[in-house]
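Order of the sequence lines sets the chain letters (A, B, ...), proteins ahead of strands, with each chain counted from 1. The structure presented is a predicted model; accordingly, all values stated were derived computationally and were not measured.
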Amino acid sequence: MDAREYDLPVFHRQGFSRRTCVRCGAAFWTTGDSDRCQEAPCAPYAFLGHSPFNRPRSVDELREEYLAFFEQRGHQRVRRYPTVARWRNDVFFTQASIYDFQPWVTSGAIPPPANPLTISQPCLRFIDLEEVGRSGRHFTLFEMLAHHAFNRPDHEVYFKDRTVELCHELLTQTFGVDGRLVTYKEEEWEGGGNLGPSLSVGVLGLEVATLVFMEYVRAGDLVEPMPLTVVDTGYGLERLTWLSHGSHNAYEAVFGRAYEELRQTFAPTETAVLIDHARALNFLLTDGVVPSNSKDGYFARLLLRRMLRVLAKAPEAPTLAEVLDRVGRDAARHFPELGAHRDDLHRVVAAEVERYDEAIGRAREQVRRAEERSERVGTRITGEDLVAWYDSWGLPPDLAVQSLKNPPEVPKDFYALLAARHEKEARETDYTEGTRGLPKVPESLPATEVLYYGDPYTLQFEAHVLHVEGPYVVLDRTFFYPTGGGQITDTGRLGDANVVEVAKSGRWVLHRLEAPSTLHVGDRVRGHIDGGRRTQLMQHHTATHLINGALRELLGPHVWQAGAYKGTESARIDVTHFRALSTAELKAVERRVNQVVREDRPVKSYFESRGEAERRFGFGLYQGGAVPGRELRVVEVEGFDVEACGGTHCTHTSEVGLVTLLGSERIQDGIVRLSYAAGERALDVVEGHRSLLNDAARSLGVAPEQLLHAIGRLQRDVEEARATAKSQALEDLATTADRLAADASASIEAHGVRVTAARLALDKSGLMEVSRRLTRGQGRVAVLASESEGRGLLFVGSTAPSVPALAVLEAARARFSGKGGGNPSSATAVGEPGSPLDVALAAAREAALQLATGGAAPSGATKALP
RNA sequence: GGGCACGUAGAUCAGCGGAAGAUCGCUGCUUUCGCAAAGCAGAGGCCGGGGGUUCAAAUCCCCCCGUGUCCA
């Protein structure tokens, strides 16, 4: 980046000079005489025990001071955004304050909530999870203090010069830091296709802020200026607080009393993990993450389990919930929402603690068995096993070592080995997702005016054709609802042609006709929407909002919509919840929804600016996920549920009609699905159930009330019949065996070995059963043959040590070109079709006798005795 | 979204190419005034589902379904 980017007037006004760090070689600006930039690792922490601040501050004091400082200098204070970035779908968590304004504000699509603004944004970063407690300065959740300015060509707020000026004033005037201790290191910055200069602010070895200037956009190899430039600053609240204390580590300074309390029981590193994770979890759970085994839920589980592992080390330890509450109480002083739904948070945590105990119990059992097995086989448990156990059972190596009698060393590179097991994951996934095959609409075409938002009842309208391509027609205005937001397409007619699908593409609505359209641009055409279908979709869509509202009301605010589908026959919603729903819960949801239907509440759908809607209703609006646009369409079921939604909705809840639940299932860890039908379809379902019941009862010849009883009887009958059939079959086999045993001509006895040979008409399992009975007791050999599906089957069973079944079989196998094998106690062979089974049987019998009398088995090549 | 592990009797699990097992629980008998306990006997299995390989599959391979776990 060009050095001129950093040659700011403010540096000259205030007597800065540009220097080069003797350690890292980077250029930096300072009023002091340091020969290195004041950041790790170039400069050591020089503030420990010697804070450069005029006095120590608590986090609350420092945050307030910061926000007030910028407020007094023309900035407007903005409330924090959720730590879970629901308004965007490219990341799970808010990792910096600028995330709040990406992509809609930074791209210029919508105005910022204020300009310039200042904010303290809790951010989550899991990249340094392992460093928490070790380094003394890492946090999974930290607050990014920031001031942002968004400059448009027609409205310049301020840029680099003023930003540096403000930073230096804050540090020196407000915090009382000697300006000569501060360095501004030049750094290039690039991300998300944007780039620009940035300054990293260091004080006595600690980086306390980064001043980023979004100025250019990368287009291939070219770097072009952005139409909208952004001041993106980030000051570490925790680091500034730490600096103001000059304490041994950041955690003491940030958490104060709560840290000291936990230190009574835990080592410094453990305390840091507990307190950091507890704060992060308070935000995560309050912002609606349900712990699970994938996606954002996994990170909540990870933090939770890491805390549980630490807590388990001390018998006197407080419970997880107690630690969460203690830390949450402090954080709630500035973020009162953290205390708002303690009960719900406790329920989520309790379920998770239970799961953890189960998982560890299971894993311990696995370890016990693995050790038994290895003792039996004579192998040793290795470090590799520890890695595998953690990966497969979630058993941390220290716990595994605890429960082993002869534990191996935990490999030094445990996490590297773990990572190696996951290397294959990087395999390319095929993203050639089915292109929708919609035609390109000329950019010059004016946007389709969508009328269904304002009026979901109009089913006939006139419009002009703007564009035609094959079966696709674009109109200047339309009442047809295109597939979207989980609601499927409207159908109907356009002129004489059937509309089979409607899709939204950019600013246009495309109507797909059954056949290539005969319409021409400029034609006036009459649209006709299938009203029955539309009504049903509206009922299902509004019902979905009612169900979501009822679930949040009954289960708690951790419930978030995770997907939905509204069809003509039924609809379903997926929501986050920590366990499957009970029958009682389902009943309660159904009752509540139908109650709201009967209350006939107004359902208002209207557009509102994004900022205003977020301010009035919070981020719970984004139940359906991130939605684009400057304005949000708000669908508000009065006093019950508010969501940003583009669907067609009833205007009063009574229009939804009956809502009946069809079922619920747990589709993933942390996600349950409810299926239901509303309106006419709900009646269809009820009717269907009734006739099913009646038909079932009639087919059993009983009254519907008697159905269960009749089925029970039927089941018993079937079981009995099956049992008798089975015992009959066994009895038949027993009879066969007995007859053979009694038949003197079937058996020969030699040297205490009785050989019984016979040809039977049984399948393989029949032969096996007869053999089993003939060879009860020692010194018995059974040689049985049968024809099964045209192929000869030879079975040898033996309890005579001198007559191994396999040896007998080997002797006879070649006789009927059979394939087979076995062991000393049993052997089977199957012959080619048409092979001489009797010859094989005789040969096997002879072989058995010879073995019994001490002779070697005749080889298959010798002739069978007559 | 991906990797790994696991689905066998009512429960917990063993077996991991050659005739489906153990422990607990259950039923009956013996013993006891009765209970507990013990002994003996017995019932209970589409070895998660579907394909494939093999003379032979609970066992090996592939695809589903379910559970758990780790990672992004």
Between A:Leu399 and A:Ile360, is there a side-chain heavy-atom distance shorter than 4.5 Å?
yes

State, yes or no, whether a side-chain contact exists between A:Lys764 and A:Leu784 at a heavy-atom distance under 4.5 Å.
no

[atom1] spacing across the pair [N] / [M], given as an integer number of angstrom:
{"N": "B:rU31", "M": "B:rA37", "atom1": "C1'", "result": "11 Å"}
{"N": "B:rA14", "M": "B:rU59", "atom1": "C1'", "result": "13 Å"}
{"N": "B:rC64", "M": "B:rC4", "atom1": "P", "result": "13 Å"}
{"N": "B:rA58", "M": "B:rC16", "atom1": "P", "result": "14 Å"}
{"N": "B:rG45", "M": "B:rC33", "atom1": "P", "result": "38 Å"}
{"N": "B:rA20", "M": "B:rA9", "atom1": "C1'", "result": "10 Å"}
{"N": "B:rG10", "M": "B:rA19", "atom1": "C1'", "result": "26 Å"}
{"N": "B:rG2", "M": "B:rA57", "atom1": "P", "result": "33 Å"}

Basic-acidic side-chain contact under 4.0 Å: [X], [Y]:
{"X": "A:Arg134", "Y": "A:Asp128", "answer": "no"}
{"X": "A:Arg368", "Y": "A:Glu365", "answer": "yes"}
{"X": "A:Glu769", "Y": "A:Arg772", "answer": "yes"}

Should A:Arg666 be listed as having a side-chain N or O under 4.0 Å from OP1 or OP2 of B:rU67?
yes

For a quick test of reading the model: is some side-chain N or O of A:Lys295 closer than 4.0 Å to OP1 or OP2 of B:rA72?
no

Which nucleotide in the set [options] lies at the smallest distance from any side-chain heavy atom of [X]?
{"X": "A:Leu418", "options": "B:rC70, B:rA72, B:rU69", "result": "B:rC70"}
{"X": "A:Thr775", "options": "B:rC70, B:rA19, B:rC4", "result": "B:rA19"}
{"X": "A:Asp391", "options": "B:rG3, B:rA72, B:rU69", "result": "B:rG3"}

From [atom1] of [X] over to [atom2] of [N], roughly how many Å is that when rounded to an integer?
{"X": "A:Arg673", "N": "B:rC65", "atom1": "CZ", "atom2": "P", "answer": "12 Å"}
{"X": "A:Phe795", "N": "B:rC55", "atom1": "CZ", "atom2": "P", "answer": "18 Å"}
{"X": "A:Leu806", "N": "B:rA56", "atom1": "CG", "atom2": "C1'", "answer": "13 Å"}
{"X": "A:Tyr356", "N": "B:rG68", "atom1": "OH", "atom2": "C1'", "answer": "15 Å"}
{"X": "A:Glu810", "N": "B:rC55", "atom1": "CD", "atom2": "P", "answer": "15 Å"}
{"X": "A:Arg306", "N": "B:rU69", "atom1": "CZ", "atom2": "P", "answer": "17 Å"}
{"X": "A:Met768", "N": "B:rA56", "atom1": "CE", "atom2": "P", "answer": "14 Å"}
{"X": "A:Leu386", "N": "B:rC70", "atom1": "CG", "atom2": "P", "answer": "15 Å"}

Please determine whether any donor N or O and acceptor N or O are separated by less than 3.5 Å between the side chain of A:Asp669 and the base of B:rG68.
no

Can you find a donor-acceptor pair, distance only, under 3.5 Å between A:Asn293 side chain and B:rU69 base?
yes

For RNA chain B, whose closest nucleotide is more 5', that of A:Gln668 or that of A:Asp296?
A:Gln668

Assuming nearest nucleotide by heavy-atom distance, tell me which of A:Lys819 and A:Ser771 is located more 5' along RNA chain B.
A:Ser771

When you check every protein heavy atom under 4.0 Å of nucleotides 7-18 of chain B, what one-letter string (B, S, -) results, 5' to 3'?
------SSS--B

Select base, sugar-phosphate, or nothing to describe what [X] touches, counting heavy atoms under 4.0 Å on all strands.
{"X": "A:Ser765", "value": "nothing"}
{"X": "A:Arg301", "value": "sugar-phosphate"}
{"X": "A:Ala359", "value": "sugar-phosphate"}
{"X": "A:Arg773", "value": "nothing"}
{"X": "A:Leu302", "value": "sugar-phosphate"}
{"X": "A:Thr799", "value": "nothing"}

Under a 3.5 Å limit for both distances, which nucleotide forms a Watson-Crick or G-U wobble pair with [N], could you say?
{"N": "B:rC24", "answer": "B:rG10"}
{"N": "B:rG68", "answer": "B:rC4"}
{"N": "B:rU59", "answer": "none"}
{"N": "B:rC16", "answer": "none"}
{"N": "B:rG39", "answer": "B:rC29"}

Compute both the distance and the angle, then confirm whether A:Arg364 meets the cation-pi test with A:Trp393: under 6.0 Å from the six-membered ring centre, within 45 degrees of the axis.
no

Do A:Arg125 and A:Phe93 meet the cation-pi criteria used here (NZ or CZ under 6.0 Å from the six-membered ring centre, within 45° of the axis)?
no

Please identify each residue that fulfils salt bridge (charged side-chain N to carboxylate O under 4.0 Å, His left out) with A:Arg759, with sequence neighbours left out.
A:Glu787, A:Asp838

Test ring pair (Phe, Tyr, Trp, His ring centres under 6.0 Å) applied to A:Trp87 and A:Tyr81, A:Tyr99, A:Tyr622, the passing residue:
A:Tyr81

Check whether the side chains of A:His422 and A:Asp391 place a donor and an acceptor atom closer than 3.5 Å, and report yes or no.
yes

